[in-house]
Amino acid sequence: MGEGKRLLRALAGEVQRVPPVWLMRQAGRYLPEYRATRARAGDFLSLCYTPDLAAEVTMQPVRRFGLDGAILFADILLVAQALGARLWFAEGEGPRLSPVATAADIARLRPAADIHDTLAPVYATVGRVARDLPPGVALIGFAGAPWTVATYMIAGRGTPGQGPAHALKRAEPALLDRLIERLAEATVEYLAAQAGAGAEVVMLFDSWAGSLAGADFDRYAVAPVRAIVAALKARFPGLPVIAFPRGAGPRHAGFSRTTGADCISLDQGVDPLWAAAHVQTDGCVQGNLDPALLVAGGAPLELATRAILAAFAGGPHVFNLGHGLTPEARPEHVAELVALVRGG
Ligand code: CP3
C-alpha cells in the first residue's frame with residue numbers, strides 16, 4: 001500500500017480499500033466542546049479571528065472521531081469582509097453584509113493584495129493546526145467560489161434562489177463579471193496564503209452553483225474556478241484542489257476536466273452509481289451522504305453509507321457528506337458513521 005496521508009493519496013487518484021473520511025462542517029454546534037469554545041470566544045467572528053480558539057475547534061472533531069482530514073475553521077464570507085464589506089452574524093439568522101451591488105460599491109473594494117491585513121489571523125490558525133496535527137491527518141484550507149460569495153455580497157444576506165444576484169446578472173452583467181473577477185483574484189491570494197501557512201489541500205465551496213443554468217453555469221461556476229485552480233497550481237504545483245459545485249446535477253460530469261480540480265465533491269442529490277460511471281471516471285470524487293441521516297442514525301444511515309461505499313469502491317473516493325453537518329446531528333451517530341466507513 002502507498003505511503004503518506006490517506007486523504008492526499010485518494011486525491012492523487014489512489015484507490016483504497018477503506019476510503020479516507022472527513023465531514024463538511026465537522027466542527028460546529030452539534031458538538032458540546034464547540035459550543036463551549038464558541039462561548040469563550042463570545043461570537044462566531046471572534047472565534048474565526050482568534051487563532052488559539054479557531055485551531056482548538058478545528059482539532060475537536062479530529063480528536064473525537066479520528067478523521068483523516070482537519071478543515072480550517074473559518075467562513076467563506078471572511079474574504080468579502082477582507083475586501084471591505086461589513087460582515088456580521090445575526091444570532092439565529094445567518095450572515096449579514098453591507099451590500100456590494102453597484103459600480104461604486106465594487107470600485108470601493110480593496111485590492112486583492114490588501115486582504116492579508118484582515119486575514120492574517122486565519123493564516124496563523126492554519127500554522128497552529130499544521131504544527132499540532134496528528135501524523136496521517138491532512139490539513140484542508142478552503143474558500144467560497146466567487147459566484148457563491150457574490151450572491152451573499154450582492155444581497156447582503158442569504159436569499160432563496162439567490163434572486164438579487166440573478167437580477168444583477170440580467171440587468172448589468174458587466175458589473176457581475178467585475179465582482180466575480182475581483183473575488184477570483186482575492187481567492188487566489190487567500191488560498192495561496194493558506195497553502196503557504198501549511199494547508200495541504202484546498203476546497204472551493206460553490207454552494208449555489210446549482211442555481212446557474214446553461215451558459216451562466218460555464219461563465220460563473222466553471223470559468224472562475226478554472227482560473228483559480230490554474231493560478232494556484234502555478235504557485236503550488238502539487239496542491240490538490242477539491243471543487244464543490246453543489247446542485248450541478250448532470251454538469252458534475254466533466255467538471256474536473258473543465259476546471260482542473262483534482263476531486264469533485266458531490267451533494268446528496270447525485271446518485272452514487274451515476275457518479276461512479278460519469279464523474280469518478282475522471283478522477284477522485286468526494287461525498288455524498290445526506291447529512292440529515294446523522295440526526296436519527298440507525299438502519300437508514302447504515303444502508304446509505306454502505307451503498308455509497310459500494311458504488312465508489314472501484315475508484316478514488318473520499319467519504320464525506322453531501323453538505324454540512326447540521327446543529328441537530330448527534331455526535332454518537334457521527335462516531336457510528338466513521339466506524340462503518342472503516343469497516344465496522
Ligand atoms: O466545515 C467546517 O467545519 C469548517 C468551517 C466552515 C464554516 N462555514 C463554519 C461555520 C466552512 C467550510 C463554512 C463554509 C460556508 N459558510 C459555506 C459553504 C458551505 C455551505 O454550507 O453551503 C457557506 C454558504 C457559509 C456562509 C455561512 N456561514 C452561513 C450561511 C452561516 C449560517 C448558517 C448556520 O449554520 O448558522 C454561517 C455560519 C457558520 N459557519 C457556522 C459555522 C460553524 C455556525 C456559526 C455558529 O457557531 O453559530
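All values reported here derive from a predicted model rather than from experimental measurement. For the numbers below, each heavy atom of this structure counts, side chains included, while hydrogens, waters and symmetry mates do not. Whatever order the structure lists ligands and atoms in, that order sets their numbers, starting from 1.
Distance from atom 20 (C) of ligand 1 to its nearest protein heavy atom, with residue and atom name: His323 NE2, 3.1 Å. Protein heavy atom at the shortest distance from atom 13 (C) of ligand 1 is Arg25 NE, 3.8 Å. The protein heavy atom nearest to atom 39 (C) of ligand 1 is Phe44 CZ, 3.4 Å. For atom 37 (C) of ligand 1, the closest heavy atom belonging to the protein is Phe89 CE2, 3.4 Å. For atom 14 (C) of ligand 1, the closest non-hydrogen atom on the protein side is Ile76 CG2, 3.7 Å.
Taking the six-membered ring where tryptophan is involved, the planes of Phe142 and Phe205 are perpendicular, since the angle between them exceeds 60° and thus also 30°. Ring geometry for Tyr34 against Phe73 counts as tilted: the plane angle lies between 30° and 60°, on a 0 to 90° scale.
Taking every non-hydrogen atom of Ala27 and a distance limit under 4.0 Å, the qualifying atoms of ligand 1 come out as 3 (O), 43 (C). Short contacts between ligand 1 and Ser207, defined as distances under 4.0 Å to a heavy atom of the residue, involve ligand atoms 18 (C), 19 (C), 20 (C), 22 (O), 24 (C). Ligand 1 places these atoms under 4.0 Å from at least one heavy atom of Leu72: 4 (C), 5 (C). In the vicinity of Phe73, heavy-atom distances shorter than 4.0 Å reach the ligand 1 atoms 9 (C), 43 (C). Within ligand 1, counting atoms from 1 as listed, the ones closer than 4.0 Å to a heavy atom of Pro95 are 29 (C), 30 (C), 31 (C), 32 (C). Of all atoms in ligand 1, listed by their number and element, those nearer than 4.0 Å to a heavy atom of Tyr152 are 24 (C), 30 (C).
Ion pairing of Arg108 with Asp105 is present here, as a side-chain N (NZ or NE/NH1/NH2) and a carboxylate O approach within less than 4.0 Å. Salt bridge annotation for Lys5-Asp68: absent, with no cationic side-chain nitrogen under 4.0 angstrom from a carboxylate oxygen.
Contact annotation: for Thr148 versus ligand 1, there are no heavy atoms closer than 4.0 Å. Contacts with ligand 1 closer than 4.0 Å are made by backbone heavy atoms (N, CA, C, O) of Ala74 only, the side chain lying farther away.
No side-chain donor-acceptor contact under 3.5 Å links Arg306 to the backbone of Leu303.
Counted by atom type alone, Tyr152 and Trp208 present one or more donor-acceptor pairs between their side chains at under 3.5 Å.
Atom CD of Glu336 is surrounded by more than 12 heavy atoms from other residues, nucleotides or ligands within 6.0 Å.
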